[in-house]
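Note that the structure is predicted; figures quoted are calculated from it, not measured. Residue numbers start from 1 in every chain, and the chains themselves are labelled A, B, ... in the order their sequence lines are given, proteins ahead of strands.
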Number of protein chains: 2
Amino acid sequence: MTTKTREASVRTEADTATRERILLEAARLFRHHGYAATTLREVADAAGIKAGSIYYHFESKEQILGEVLDKGIQAVADAVRQRVESLPKDATARMKVAAAIEGHLWGLLHHGDFTSANIRIYGQIPPAAKNRHRKVRREYADYWDALLDEATRRGELRRDIGATVARLFVIGALNWTVEWYNPQKGSFDDFVKQITTIVFDGTFVRE
Amino acid sequence: MTTKTREASVRTEADTATRERILLEAARLFRHHGYAATTLREVADAAGIKAGSIYYHFESKEQILGEVLDKGIQAVADAVRQRVESLPKDATARMKVAAAIEGHLWGLLHHGDFTSANIRIYGQIPPAAKNRHRKVRREYADYWDALLDEATRRGELRRDIGATVARLFVIGALNWTVEWYNPQKGSFDDFVKQITTIVFDGTFVRE
DNA sequence: GTCTATAAACGGATAGAC
DNA sequence: GTCTATCCGTTTATAGAC
């Protein structure tokens, strides 16, 4: 016999699958065409449903945008926290920053549609959507601030560079890799090694 | 560079002024709202004319886009070439790259609406517009390639980092500064000094 | 849950007056 | 050169059938 509970749970799983597909295709289209230029018909088409059906899963286009943006940050933040927290307790600040860089690049490049969409369109979205998304961004930025503050206190960061400039420059540089990184031109591990070297020690040989 | 929308012989100063105002406001709006989300009515409003009047100066919205994109690259490329070419003939590769960084940052930050618009929307514009703009981009990338090739031949660049990775990482990092640089938090010269230091020598103290 | 049909508003582009 | 008026396709969102 089929209970109501069981029916509901089955339906929910099917719901969830379609919902996730909508978010995935929306992220891909936002990334490549921008938010305003992406129509719900295109999203629906890519997800294998009709435009009207989207409104069973979402209240509005802007709600889809909000979830895409949040997922972009969350994918990166989760990867970073996981790696930093699995370090031994006596890890140096340099080791923590290295782990954070690896995690950031991993999350960034393994969820490219969400992360690139976030980076590309954040500066262009309606103010209401921006305000709703701001907290998630702020929390991740705070995490890096704490990491770099620690490095500063331990005297591992250069003193002739402002901490804020360093953080913004490095995070900006890391983020932009999603726009040009090509996995076919070398392994991910090699890539991380090169990026980490540049961040820590720069591009030129010592004079 | 400008595609003629009428006979050049009847062009007046008033024409040119209005035309430039349209481009300036379009760049500002493309930067902050994206290409698709920006309406010609908004551009016209900001430029102090009516929407229909735009078509006296431009053939289409996409033509405006093309000129905005080109101006963004040209502003940066001009500043870089000027600085590199005014160096003494026996300048080291390091000196040339430092001059290029200063020029790049200067052009980028002093024409922020054009450069930021370019960076933000290039990945999202119609393929036709992208193709038309590609050559200008390619030429500027080639300029940097030559500069870094020279540094490599002279043994000034690190050998453990790929030249392509270094160029893409550094240019990406420089470009993104237009998204967060705040002239009220320090002089431009100080800013350039810090950025140049990071690029050349990294963020951490030598072990 | 997904469909079809449609309402309501908007945007690029054009025509023609001044 | 700029304006007003308008055409025509497109878009988000809703209503109601199945």
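Under the 3.5 Å distance criterion, with hydrogens and angles disregarded, no donor-acceptor pair is assigned to the side chains of A/E102 and A/T196. When only modelled atom types and interatomic distance are considered, A/Y140 and A/H104 share a side-chain donor-acceptor pair under 3.5 Å.
Atom OH of B/Y56 and atom P of C/dA15 are 17 Å apart (whole Å). Summarising the geometry, the separation between CD1 on B/I22 and P on D/dG1 is reported as 13 Å, rounded to the nearest angstrom. Taking atom CD of residue B/E62 and atom P of nucleotide C/dG12, one finds them 12 Å apart after rounding to whole Å. In this structure, the CD atom of A/E59 is 9 Å from the P atom of D/dT14, given to the nearest Å. If you measure from atom CG of A/D45 to atom P of D/dT12, you get 13 Å, rounded to the nearest angstrom. Straight-line distance from the CD1 atom of B/I49 to the P atom of C/dA13: 14 Å, rounded to whole Å. Distance B/K61 NZ to C/dC10 P: 16 Å, rounded to the nearest Å.
In this structure a side-chain-to-backbone donor-acceptor pair under 3.5 Å is missing from B/R28 to B/L24. Not a single donor-acceptor pair under 3.5 Å links the side chain of B/H133 to the backbone N or O of B/A129. In this structure, the side chain of A/K61 engages the main chain of A/Y35 through a donor-acceptor pair within 3.5 Å. Not one N or O on the side chain of B/R158 forms a donor-acceptor pair closer than 3.5 Å with the backbone of A/T203.
Not one side-chain nitrogen or oxygen of B/S53 sits closer than 4.0 Å to the OP1 or OP2 atom of D/dG1. For the pair B/Y55 and C/dA13, the criterion of a side-chain N or O lying under 4.0 Å from OP1 or OP2 is met. Phosphate contact (OP1/OP2 of C/dT2, side-chain N/O of A/T18, threshold under 4.0 Å): present.
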Practice problem: Run the numbers on A/N118 and A/R137 for side chain to side chain donor-acceptor pair (under 3.5 Å), then give the verdict. | Solution: CA-CA 10 Å; A/N118 187 303; A/R137 286 204 153 211; 2.4 Å; yes
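A distance of 4.5 Å separates CG of B/L109 from OG1 of B/T177, quoted to the nearest 0.5 Å.
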So which protein N/O to nucleotides 16-18 of chain C N/O distances come out below 3.5 Å?
none

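Ion pairing between A/K96 and A/E85 fails under the 4.0 Å rule for side-chain N and carboxylate O.
Of all the residues in residues 31-42 of chain B, B/T38, B/T39, B/L40, B/R41 reach under 4.0 Å from DNA chain C with at least one non-hydrogen atom.
Contact annotation for B/K50: base contact, defined as any heavy-atom pair under 4.0 Å involving a base atom.
Comparing A/G48 and B/G52 against DNA chain C, the residue whose closest nucleotide sits nearer the 5' end is A/G48.
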